[in-house]
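Have a look at the structure below before the remarks.
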Amino acid sequence: MFELIGIPPQALFGQLLLGLINGAFYAMLSLGLAVIFGLLNVINFTHGAQYMMGAFGAWMLLNYAGIPFWGALVLSPIIVAIIGMVIERTLLKRLYHLDHLYGLLLTFGLALILEGLFRRQYGSSGLPYNNPLPGGTNLGFMFLPNYRAFVVVASLVVCLATWFVIERTKLGSYLRAATERPDLVQAFGIDVPRMITLTYGFGVGLAALAGVLAAPAYQVSPTMGSNLIIVVFAVVVIGGMGSIMGAIVTGFGLGVIEGLTKVFYPEASSTVIFVIMAIVLMVKPAGLFGTAK
């Protein structure tokens, strides 16, 4: 089979694995965006900067406090989520009654400020972060690095757990109800503003968690979020704005498609996701898993 298509199996499966890795980050980031937009109706352009802050949080915890990767995997998302909740309470809550454009402009400005602060302090070049799971397994047709396999599995577990909580639990029902009928939910004694703040913090925490996972796989850089956020927004649009399952499926799926495109037609690998987005918007403007309003 591989002789017929003229591609060595190592190259094909290697790019497939790379596509799964990229898809894992696409899925986690687009999931955080989908949670924030679907439940809060906010287009969070700061998401890429918060992903970058998660990676830098892991780097700083290791180099300044001696906390290894496994501790940073818990602490960094919590720290970034708390910063996100402060932003929501002090800035974003003032814009909920206004047009989406105001929230987009505010979060875009915050992203530029955060990226500028980190670039001023640490420069534009990347900072290395040690691999916590060195080595790998020889599968015969390819070499599977331990850490990259861990990233794919961990991302899938986090994404499916988030979908289950939001779509299949009472807490998720409260969250959805609070966005649609906050007055009714408030009448039942539920603190809606606090729930909104915690929801935003959770979405930000997902971005930071993806950043921590990305730190050993890529170099930690102030621009790592801005380089990724446009692609992630395209993933969200293709899956359907606010669709949790759409974010997960399209994130992993488009990562694989991008990886395979690098094998068969490398020149199109950087644009294939946007081509798919254009086709999907023409056929189904609400996205593959979205519903028209």
Side-chain angles (χ1 to χ4, degrees), residues 22 25-57 76-77 79-124 126 179 196-197 199-211 214 218 220-243 246-247 250-251 254 270-271 273-274 277-278 281 285 287 290:
N22 290 336
F25 294 124
Y26 294 163
M28 290 192 67
L29 284 167
S30 60
L31 179 62
L33 280 176
V35 168
I36 292 173
F37 181 81
L39 301 179
L40 274 66
N41 220 20
V42 172
I43 301 173
N44 185 35
F45 223 98
T46 318
H47 215 63
Q50 290 156 343
Y51 161 78
M52 176 267 295
M53 289 171 65
F56 264 102
S76 185
I79 294 170
V80 178
I82 291 173
I83 295 173
M85 288 189 284
V86 172
I87 292 173
E88 192 277 335
R89 282 289 81 194
T90 56
L91 298 173
L92 284 178
K93 76 170 187 177
R94 305 173 185 273
L95 305 179
Y96 289 151
H97 63 287
L98 301 176
D99 188 87
H100 294 318
L101 180 62
Y102 291 93
L104 189 151
L105 291 174
L106 172 64
T107 55
F108 181 69
L110 286 174
L112 294 178
I113 292 171
L114 291 170
E115 182 180 318
L117 289 174
F118 278 89
R119 186 187 291 117
R120 178 181 177 84
Q121 181 66 30
Y122 297 101
S124 299
T179 59
I196 290 174
T197 301
T199 301
Y200 183 80
F202 177 73
V204 169
L206 283 175
L209 178 61
Y218 311 111
V220 179
S221 166
T223 60
M224 61 188 296
S226 58
N227 294 337
L228 198 60
I229 191 63
I230 300 300
V231 175
V232 173
F233 266 106
V235 172
V236 173
V237 170
I238 294 169
M241 293 293 288
S243 171
T250 56
L254 290 172
S270 60
T271 58
I273 291 179
F274 301 103
M277 181 181 70
L281 288 177

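Quick note: numbers below take in every heavy atom, side chains included, and nothing from hydrogens, waters or symmetry partners.
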Atom pair CD (Q50) and CG (L110), whose distance is rounded to the nearest 0.5 Å: 8.5 Å
Close side-chain approach of Y200 to V35, heavy-atom, < 4.5 Å: no
Donor-acceptor contact present, side-chain H47 to main-chain L29, <3.5 Å: yes
Evaluation steps, side-chain contact (heavy atoms from CB on, under 4.5 Å), between N22 and L254: CA-CA 9 Å; N22 290 336; L254 290 172; over 6 Å; no
Short side-chain to backbone donor-acceptor contact, S76 and G54, under 3.5 Å: yes
Closest non-hydrogen atom pair between P77 and G205, with its separation: CB-O, 3.7 Å
Flag, side chain of T107 to backbone of F45, donor-acceptor distance under 3.5 Å: yes
Test item: Y26 and T250 side chains (from C-beta on) under 4.5 Å apart, heavy atoms: no
Considering all heavy atoms, the nearest G211-A55 contact: O-CB, 3.3 Å
Test side-chain contact (heavy atoms from CB on, under 4.5 Å) applied to T199 and I36, step by step: CA-CA 7 Å; T199 301; I36 292 173; 6.0 Å; no
Derivation of the side-chain contact (heavy atoms from CB on, under 4.5 Å) call for I230 and F274: CA-CA 10 Å; I230 300 300; F274 301 103; 3.8 Å; yes
Interatomic distance, T197 atom OG1 to I87 atom CD1 [nearest 0.5 angstrom]: 12.0 Å
Least distance between heavy atoms, M224 atom then A214 atom: CE-CB, 4.2 Å
F25/Y218 under ring-ring contact (aromatic ring centres under 6.0 Å, His included): CA gap, chis, key distance, verdict: CA-CA 12 Å; F25 294 124; Y218 311 111; 5.7 Å; yes
Atom OH of Y102: over 12 foreign heavy atoms under 6.0 Å: no
Inter-residue atom distance S243.OG - I238.CD1, 0.5 Å rounding: 12.5 Å
Close aromatic pair by centroid cut-off 6.0 Å: F56 and Y51: no
Any M85 side-chain heavy atom under 4.5 Å of R89 side chain: no
E115 vs S226, side chain to side chain donor-acceptor pair (under 3.5 Å): CA-CA, chis, key distance, verdict: CA-CA 8 Å; E115 182 180 318; S226 58; 3.2 Å; yes
Exam field: side chain S30 to backbone A247, donor-acceptor pair closer than 3.5 Å: yes
CG on L98 to CG on L105, rounded to 0.5 Å: 11.5 Å
Distance (rounded to the nearest 0.5 Å) between D99 CG and L95 CG: 10.5 Å
Nearest-0.5 Å distance, CD of residue E88 to CD1 of residue I196: 7.0 Å
Shortest non-hydrogen contact from N44 toward L33: O-CD2, 3.3 Å
Min side-chain heavy-atom separation F37-I43 under 4.5 Å: yes
Non-hydrogen atoms of M52 and S221 that approach each other most closely: CG-O, 3.3 Å
